[in-house]
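Below: one structure, written as structure tokens.
As the structure lists them, so they are numbered: ligands from 1, and atoms in each ligand from 1.
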Amino acid sequence: MPMLTLGIETSCDETAAAILEDDKKVLSNIISSSIAKQKPFGGVVPEIASRHHLENIDIVVGAALKEAGKSLQDLDLVAVTQGPGLIGALLVGTSFAKTLAYSLHKPVIGVNHLEAHLEANFIDSEVPKNGYVGLVVSGGHTCLVLFREGIFKIIGQTRDDAAGEAFDKVAKILGLGYPGGPEIDRLAKSGNPKIKFQCGQIPGTFDFSFSGIKTAVLYYAQKNPHFKNELADIAASFQRAVVKSLVEKTLRASEEFDMSTIVVGGGVAANSELRATLANESKKRGYQLQLSPLRYSVDNAAMIARAGYLMHKQGRRDGWSLTGKADLAIGG
Ligand code: KG4
Ligand code: ZN
């Protein structure tokens with residue numbers, strides 16, 4: 001009998017549910033976003049996110065079951081995002097998941113959102129035996145991770161803003177909409193990356209810094225009253241610098257730790273220049289770049305179901321004391 005896992009994701013502004021059959025077959029992957037409600041505020045308002053989850057979680061789970069052609073009784077496991085994320089939002093998901101699993105007499109398992117972003121890259125394939133270097137780039141987190149012998153280890157992280165946060169803040173400076181990443185990505189396509197922006201360098205480490213470049217864009221806009229006429233060039237120049245920093249450190253980590261597979265996870269993994277540059281550079285060096293389709297790189301519950309299923313197979317069991325952890329660390 002195939003095993004059916006329900007995945008639930010409520011760590012930020014997306015309420016998501018997915019049904020996974022065994023380890024690879026995604027039967028449904030439903031996402032309800034509160035972005036439209038957040039847009040007027042130019043960022044995620046935690047209370048709005050929590051309410052959106054509360055109002056939609058049973059609808060989204062129902063839709064995931066319906067699309068998969070399954071009923072609650074068919075489920076074998078409930079996997080839910082435990083953290084990191086907004087605590088109110090996480091509590092909606094973990095409370096719902098525990099209640100559902102308890103009433104069905106099935107196990108519940110808590111999943112690390114960032115590890116799930118990396119593992120999402122292997123939904124359609126096998127995790128390489130000798131591991132990989134993983135780049136996590138989301139709205140709240142940016143880190144380089146080494147995955148070896150089943151263990152995640154952080155080898156570098158941002159000293160200040162997350163990469164996605166920098167995209168969002170720069171978009172705000174330029175008067176673009178929220179979330180800023182997709183807007184900058186779109187604009188950059190018609191721009192010339194001729195303005196000299198640079199990300200902070202932290203020599204001898206795999207750490208990143210993105211707050212300086214954000215300030216550089218702000219000063220540039222303040223000094224150039226007609227900057228609105230060169231939005232595409234600014235977007236292209238900013239994006240080029242961020243991508244350069246992310247790609248350089250990722251390649252250096254692969255070389256130093258002698259890993260031949262690179263994976264990227266988190267919302268910024270959707271960035272077209274990051275995907276293309278990493279693909280080119282990996283090819284040149286003979287590395288295998290594993291990128292998930294876009295539907296698995298944005299926040300989604302298929303990745304949660306997949307990570308939960310794998311942990312369950314490896315024997316992990318969570319009790320009913322499982323709860324949200326806003327600052328849950330990779331490998332923690
Ligand atoms: O992983 P995610 O969906 O949510 C978090 O867990 O944070 O990431 C959201 C972030 C936002 O900052 C958004 O601007 C960024 O991912 N993002 C992008 C792109 N699409 C989303 N950044 C750059 N280029 C994109 N195409
Ligand atoms: Zn995420």
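- Looking at ligand 1, you won't find any N or O of S272 less than 3.5 Å from one of its N or O atoms.
- Aromatic rings from F41 and Y178 are positioned such that their centres are separated by 6.0 Å or more.
- Atom 26 (N) of ligand 1 has D185 OD2, 2.9 Å as its closest protein atom, hydrogens excluded (heavy atom only).
- With the Zn ion (ligand 2) as the vertex, NE2 of H113 and OD1 of D299 span 90° to the nearest 10°.
- Classification of E281 and R285 as a salt-bridged pair holds, one side-chain N sitting under 4.0 Å from a carboxylate O.
- A cation-pi contact, defined as under 6.0 Å to the ring centre and within 45° of the axis, links K249 to F208.
- The backbone and the side chain of V268 each have at least one atom closer than 4.0 Å to an atom of ligand 1 (non-hydrogen atoms only).
- Using modelled atom types, one finds no donor on one side chain facing an acceptor on the other under 3.5 Å when comparing D161 with S211.
- The backbone N or O of A270 sits nowhere less than 3.5 Å from a side-chain atom of S297 that would complete a donor-acceptor pair.
- Contact atoms of ligand 1 toward H113: 6 (O) (distance under 4.0 Å to a heavy atom of the residue).
- Not close to ligand 1: C12, with no non-hydrogen atom less than 4.0 angstrom away.
- Remark: distances from the non-hydrogen atoms of H117 to ligand 1 include one below 4.0 Å.
- Restricting H117 to its N/O/S atoms, the shortest distance to the Zn ion (ligand 2) is reached by NE2.
- Residue contacts with ligand 1: R186 is excluded, as none of its non-hydrogen atoms falls under 4.0 Å.
- Side-chain atoms of D76 and H312 form no donor-acceptor pair, as typed in the model, at a separation below 3.5 Å.
- Atoms of ligand 1 lying under 4.0 Å from any heavy atom of G140, numbered from 1 in the order shown and given with element: 7 (O).
- For atom 21 (C) of ligand 1, the closest heavy atom belonging to the protein is G267 O, 3.4 Å.
- Selection from G139, P182, S11 by nearest heavy atom to atom 9 (C) of ligand 1 gives G139.
- Atoms of ligand 1 lying under 4.0 Å from at least one heavy atom of P179, given by number and element, are 14 (O).
- Annotation: F167 places no N or O atom under 3.5 Å from an N or O atom of ligand 1; distance criterion only.
- Nearest to atom 11 (C) of ligand 1 by heavy-atom distance, out of V44, D168, V242, is D168.
- Taking atom 4 (O) of ligand 1 as the reference point, the nearest protein heavy-atom neighbour is D299 OD2, 3.2 Å.
- Residues E119 and Y296 have side chains that never bring a donor and an acceptor to within less than 3.5 angstrom of each other.
- Between L27 and A68, the closest heavy-atom pair is CB-CB, 3.6 Å.
- Those atoms of ligand 1 with a heavy atom of G266 less than 4.0 angstrom away are 1 (O).
- Taking a cutoff of 4.0 Å between a charged side-chain nitrogen and a carboxylate oxygen, R316 and D318 qualify as a salt bridge.
- Ring-plane geometry between F167 and F238 is classed as perpendicular, the angle between the planes exceeding 60 degrees on a 0 to 90 degree scale with a lower cut at 30.
- Close approach to G164 involves these atoms of ligand 1, each under 4.0 Å from a residue heavy atom: 12 (O).
- No salt bridge links R252 with E255; every basic N to acidic carboxylate O contact stays at or beyond 4.0 Å.
- Using a 4.0 Å cut-off between a side-chain N of Lys or Arg and a carboxylate O of Asp or Glu, D233 and K194 qualify as a salt bridge.
- When G43, G181, S33 are ranked by how near their heavy atoms come to atom 25 (C) of ligand 1, first place goes to G181.
- The shortest N or O to N or O distance between N271 and ligand 1 is below 3.5 Å.
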